[in-house]
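Chain naming here is simple, since letters A, B, ... match the order of the sequence lines and numbering starts at 1 in each. Keep in mind that the numbers below use all heavy atoms, side chains included, and drop hydrogens, waters and symmetry copies.
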Protein chains: 2
Amino acid sequence: MQKQYTLSRNQKIIFDLIDKSRGPMKAYSILFNVQKKGIKAPLQVYRALDKLVEIGKIHKIESRNAFIACQNSSCQISKATAFSICESCEDVSEISNTKLSKYLSNFADSSGMKYSKYNLEFFGLCKKCKSK
Amino acid sequence: MQKQYTLSRNQKIIFDLIDKSRGPMKAYSILFNVQKKGIKAPLQVYRALDKLVEIGKIHKIESRNAFIACQNSSCQISKATAFSICESCEDVSEISNTKLSKYLSNFADSSGMKYSKYNLEFFGLCKKCKSK
DNA sequence: CATGTAAATGTTATATTATTACATAGTGTT
DNA sequence: AACACTATGTAATAATATAACATTTACATG
Ligand SMILES: [Zn+2]
Ligand SMILES: [Zn+2]
Ligand SMILES: [Zn+2]
Ligand SMILES: [Zn+2]
C-alpha cells in the first residue's frame with residue numbers, strides 16, 4: 001500500500017494527465033498539454049515528475065524516457081518495477097506478478113551487493129501486433 | 001557465443017575506448033575522447049554505438065544513458081541483459097547468472113505477450129560503498 | 001574486372017530531454 | 001512572528017539524440 005500524500009497543484013495537474021492517458025507520456029508532451037493550465041516551463045514538469053516518481057504514483061520507462069501511472073499499488077514506492085513493452089505499437093503495461101517480484105527482490109549474487117531496488121523491462125510483441 | 005563480425009574503423013575505435021574504460025561511458029564523453037582520432041560529430045558516435053549494441057559488443061545502461069562493454073559472451077546478442085548499479089559510486093557490472101537469465105527468458109504472464117528481450121537493472125550499494 | 005548493393009562515413013543543422021541558478025510564495029509548526 | 005520546509009516561477013543553458021543529404025568503402029556476383 002502506498003502512503004498517503006497530498007499532491008500539490010502542479011503535481012495533481014500532471015498526475016491526472018498521465019493517469020488519464022492511454023500510454024506512457026513524455027515530458028515535453030506533458031508540458032504541451034498542461035500549458036493551458038499555467039505550467040509553462042520544462043522545469044515545472046520535471047519537478048512534478050520527480051516527486052511523483054519518488055512517491056510511487058508514476059514510474060519512468062527508462063528505455064523510452066516516458067512516464068506512466070502506477071497500475072499496481074503493491075510495487076513498494078517505485079522500488080520494484082516491471083513492465084512489458086510492445087516494440088511495435090509501444091504499448092506499455094506494468095507487470096504485477098508476485099512470484100516475479102519476490103524472486104527479484106530476494107535476488108542476490110556473489111558480488112556481495114545488497115539490492116534495494118530494481119527495474120525490469122520486457123520487450124516483445126503484444127497480442128494485437130503479433131496477429132497482424 | 002557471439003557471431004563473429006568485423007568492426008569498421010569507427011566502430012573499433014569506439015569499442016576499444018569503451019572496453020578499456022573502467023565504467024560505463026556516455027556518448028559525448030566518448031565523442032570528446034575520440035576527436036583526436038578524427039571522429040568529430042555526435043552522429044558518428046551514435047551510429048557506432050547503435051551497431052555495437054545491435055551486435056552485442058556493448059550494452060546501454062538505460063537508467064544512465066551510458067554504454068558498457070559486454071562482460072558476458074553468453075548474453076545472446078543483447079537480448080537478455082542484467083546489471084547491478086551502485087547508486088553511490090555509479091559502478092556498474094553485468095550480472096551473469098544462469099538461473100536468473102533462464103527465469104526471465106522463460107517468463108510469461110497472463111497478457112499473452114511473447115517476450116523476445118529484457119533488460120534488468122538492480123540498484124543498491126556496492127561492497128565498498130556499503131562499508132563507508 | 002565491372003557492376004550492383006549494402007554498409008559505413010562525413011557534415012551540418014536541429015530536435016529532444018534534462019538541469020542550473022536564482023528569486024519568490026505557500027504550508028505547517030512552535 | 002519566526003522558522004523550516006516544500007513548492008513555484010522564470011530564464012538560460014546543458015546534455016542527449018536524430019534528420020537529411022552527399023559521398024565513400026566493402027564485398028558479392030556475373
Ligand atoms: Zn507501480
Ligand atoms: Zn503492440
Ligand atoms: Zn552482455
Ligand atoms: Zn559503490
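- Put simply, CD1 on A:Ile30 is 11 Å from P on C:dT17, counting in whole angstrom units.
- Side chains of B:Leu125 and A:Lys114 form no contact here, defined as non-hydrogen atoms less than 4.5 Å apart.
- Ion pairing of B:Glu87 with A:Lys117 is present here, as a side-chain N (NZ or NE/NH1/NH2) and a carboxylate O approach within less than 4.0 Å.
- Considering only side-chain N and O atoms, B:Lys51 lies nowhere under 4.0 angstrom from the phosphate OP1 or OP2 of C:dA7.
- A donor-acceptor contact under 3.5 Å links the side chain of A:Tyr28 to the base of C:dA18.
- Note on A:Lys12: every side-chain N or O is 4.0 Å or more away from OP1 and OP2 of D:dT8.
- The closest side-chain donor-acceptor pair between B:Asn106 and B:Tyr115, if any, does not fall under 3.5 angstrom.
- For A:Arg9 against C:dG26, no side-chain N or O and base N or O form a donor-acceptor pair under 3.5 Å.
- If you look at A:Phe123 and B:Tyr118, their ring centroids are not closer than 6.0 Å.
- Atom C1' of nucleotide C:dT17 and atom CZ of A:Arg47 are separated by 16 Å, given to the nearest angstrom.
- Distances shown here put a side-chain N or O of B:Asn65 below 4.0 Å from the OP1 or OP2 atom of D:dA17.
- Nucleotide C:dA7 holds its P atom 17 Å from the CG atom of B:Asn10, rounded to whole Å.
- Contact annotation: A:Lys40 does not reach the phosphate of D:dG9 (side-chain N/O to OP1 or OP2, under 4.0 Å).
- One interatomic measurement links the two molecules: CG of B:Leu49 to P of D:dA17, which rounds to 9 Å at whole-angstrom precision.
- Put simply, CD on A:Gln11 is 18 Å from P on D:dC5, counting in whole angstrom units.
- Contact check for A:Lys128 versus A:Cys89: no side-chain heavy atoms found under the 4.5 Å cut-off.
- One can place CZ of A:Phe32 at 13 Å from P of C:dT16, the figure rounded to the nearest angstrom.
- Considering only side-chain N and O atoms, B:Gln44 lies nowhere under 4.0 angstrom from the phosphate OP1 or OP2 of C:dA8.
- Remark: P of D:dT16 and CG of B:Leu31 are 11 Å apart, rounded to the nearest angstrom.
- For A:Ser8, taking side-chain heavy atoms from C-beta onward, the closest of the listed nucleotides D:dT6, C:dT9, D:dT8 is D:dT8.
- Protein atom CZ of B:Arg64 is 14 Å distant from nucleotide atom P of D:dA17, rounded to whole Å.
- Residue A:Lys60 places no side-chain N or O under 4.0 Å from the OP1 or OP2 atom of C:dT17.
- Summary of the strand contacts: A:Leu43 and B:Ile39 both lie near DNA chain C, and taking for each the nucleotide with the nearest heavy atom, the more 5' one is attributed to B:Ile39.
- Residue B:Tyr46 places its side chain closer to D:dA17 than to any other of C:dG10, D:dA17, C:dC22.
- The listed nucleotides are C:dA18, C:dA8, D:dT10; the one nearest the side chain of A:Ala41 is D:dT10.
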